[in-house]
There are 2 protein chains.
Amino acid sequence: MNVKSPKPAVTPIELEHFLPYRLNVVAEAVSRALARLYETRHGISIAEWRVIATLGQYTQMTAKDIGAHSRMHKTKVSRAVARLEARQCVARTSNAEDMREAFLELTDDGRAIYDDLVPRALAFERKLSDALTVEEQASLDALLSKLEVSAFDDVGDGET
Amino acid sequence: MNVKSPKPAVTPIELEHFLPYRLNVVAEAVSRALARLYETRHGISIAEWRVIATLGQYTQMTAKDIGAHSRMHKTKVSRAVARLEARQCVARTSNAEDMREAFLELTDDGRAIYDDLVPRALAFERKLSDALTVEEQASLDALLSKLEVSAFDDVGDGET
DNA sequence: GTTCATTAGTTGCGAATGTAACTAATAAAA
DNA sequence: TTTTATTAGTTACATTCGCAACTAATGAAC
């Protein structure tokens, strides 16, 4: 009892190998690089890009559905759509059957942005995953899917 | 010339399989769940956790080194450290050899938080990667490393 | 030693974010 | 029909973020 407990000495975490940290660092680096593309070419944010991408793929959708599909908070969608509408990239048609919601579509301007960005975004992705073999790419896709399930379901309601 | 060019018709991107999007969604879900842990137990943010984790691992460091190690913008580090200092979790000792910088260390309170969070963070990670086999975990780690390199070096200074 | 450049760290500012509260419309209950 | 609950979407508010500009200290050039 002469040494005053020589430090709690928890085995430390090595941040560099801590999965949540690593995922975040990679995702952030990728997002940032991609955002630069959207921003410099068309002055749009990633949220705006996601709205455009969703409408480019599905033609017509409500804000709620866009949010569900692109996994964005409804206020984020609302504001992204508002900006895009102000810039005439998205058109709103209220639904006569349910006046709470409105169908959103790309305008010609919006589609022009989409058409311009799609090949570049794909090229970006290709360049990114050039570091991986085809098998690795497939593997990564599968692993991300598993993590996604795990992250949304399991984690977050753990013990405590 | 009777049809007015039947839509540009770029092959659309499927957002659900677009790597940057997927990485971001997974990373965000994981971060959010983990942040809830740090927040509810100790009222700290992820940035603050990263500072604590870095100091927990390396004992003493300057703000600059913390930023480099945990890949955070210097203003983010500065503000996180300021909050932690105000809460007596981090102590600052200015370097007599170079008065611009200061060495940072965890106080007892800071270390208590660290000691409390480390096993929980590791449990969280374990739970998360329980969805994967051991080989898959190793594979993911390697793939993330490759992507990290790719994202930081290659991409971002492409053509245009 | 004096000037100039660089570096560590902080702060002002505008933009972006999520929560919670709100509006307006629909649906369910009574 | 009238009340009550739910839903789509917007907005007020507080917080967070990164860039750019700043301060203070060090180092380099001369």
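Just so it is clear, the structure is predicted and the values come from calculations on it, not from any experiment. Note: hydrogens, waters and symmetry copies are ignored here, and every other heavy atom, side chains too, is used. Chain naming here is simple, since letters A, B, ... match the order of the sequence lines and numbering starts at 1 in each.
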Between atom CD1 in A:Ile46 and atom P in D:dC17, what is the gap in whole Å?
16 Å

Nearest-Å distance, CG (A:Asn95) to P (C:dA27)?
10 Å

Rounded distance in Å - CD (B:Glu28) to P (D:dT16):
16 Å

With side-chain contact (heavy atoms from CB on, under 4.5 Å) as the criterion, how do B:Ile44 and B:Arg87 come out once you've worked through the C-alpha distance, each side chain's angles and the decisive distance to 0.1 Å?
CA-CA 10 Å; B:Ile44 61 173; B:Arg87 291 180 45 174; 3.8 Å; yes

Any side-chain N or O of A:Arg36 under 4.0 Å from OP1/OP2 of D:dG18?
no

Between A:Thr75 and A:Ala96, which has a closest nucleotide on DNA chain C that is more 5'?
A:Thr75

Selected nucleotide, minimal atom distance to A:Lys74 side chain, candidates C:dA8, D:dG18, C:dA21:
C:dA21

Reading DNA chain D from 5' onward, which residue's closest nucleotide shows up sooner: B:Ala47 or A:Ala63?
A:Ala63

Side chain of A:His73 only, heavy atoms from C-beta on: which candidate in D:dT11, C:dT19, C:dT11 is closest?
C:dT19

Charged N-O contact under 4.0 Å between A:Arg71 and B:Glu28
no

Between A:Arg79 and D:dA12, does any side-chain N or O lie under 4.0 Å from OP1 or OP2?
no

Picking from C:dT17, D:dT10, D:dG18, which would you name as closest to the side chain of A:Lys76?
C:dT17

Rounded distance (Å) that lies between atom P of D:dT16 and atom CZ of B:Arg50:
15 Å

Of the listed D:dG18, D:dT26, D:dT10, the closest approach to the B:Asp98 side chain comes from D:dT26

Atom pair CD1/CZ of B:Ile46 and B:Arg36 - distance to nearest 0.5 Å
11.0 Å

Out of C:dG9, D:dC19, D:dA8, which nucleotide sits closest to the side chain of B:Thr62?
C:dG9

Of B:Met99 and A:Glu85, whose closest DNA chain D nucleotide lies nearer the 5' terminus?
A:Glu85

Check the distance between D:dG27's P and B:Glu101's CD and give it to me in whole angstrom.
10 Å

Roughly how far, to the nearest 0.5 Å, is CD of B:Glu136 from CG of A:Leu143?
5.0 Å

Quick one: pull up NZ in A:Lys146 and OG in B:Ser129 and give me the separation to the nearest 0.5 Å.
12.0 Å

Distance check needed: C:dA16 C1' versus A:Glu39 CD, whole Å only.
13 Å

Nearest whole angstrom, please: distance from the C1' of D:dG9 to the CD1 of A:Ile66.
12 Å

Tell me whether the OP1 or OP2 atom of C:dT10 has a side-chain N or O from B:Ser78 closer than 4.0 Å.
yes

For the pair A:His69 and A:Tyr58, name the ring-plane relationship: parallel under 30°, tilted 30 to 60°, perpendicular over 60°.
perpendicular

Nearest to the A:Lys64 side chain among D:dT16, D:dA8, C:dT10, which nucleotide is it?
D:dA8

Out of C:dT17, C:dA25, C:dT11, which has the shortest distance to the side chain of A:Arg100?
C:dA25

Base, sugar-phosphate, or nothing: which does A:Ala82 touch, judged by heavy atoms less than 4.0 Å apart?
nothing

Rounded to whole angstrom units, what separation is found between the CD atom of A:Glu97 and the C1' atom of C:dA27?
15 Å

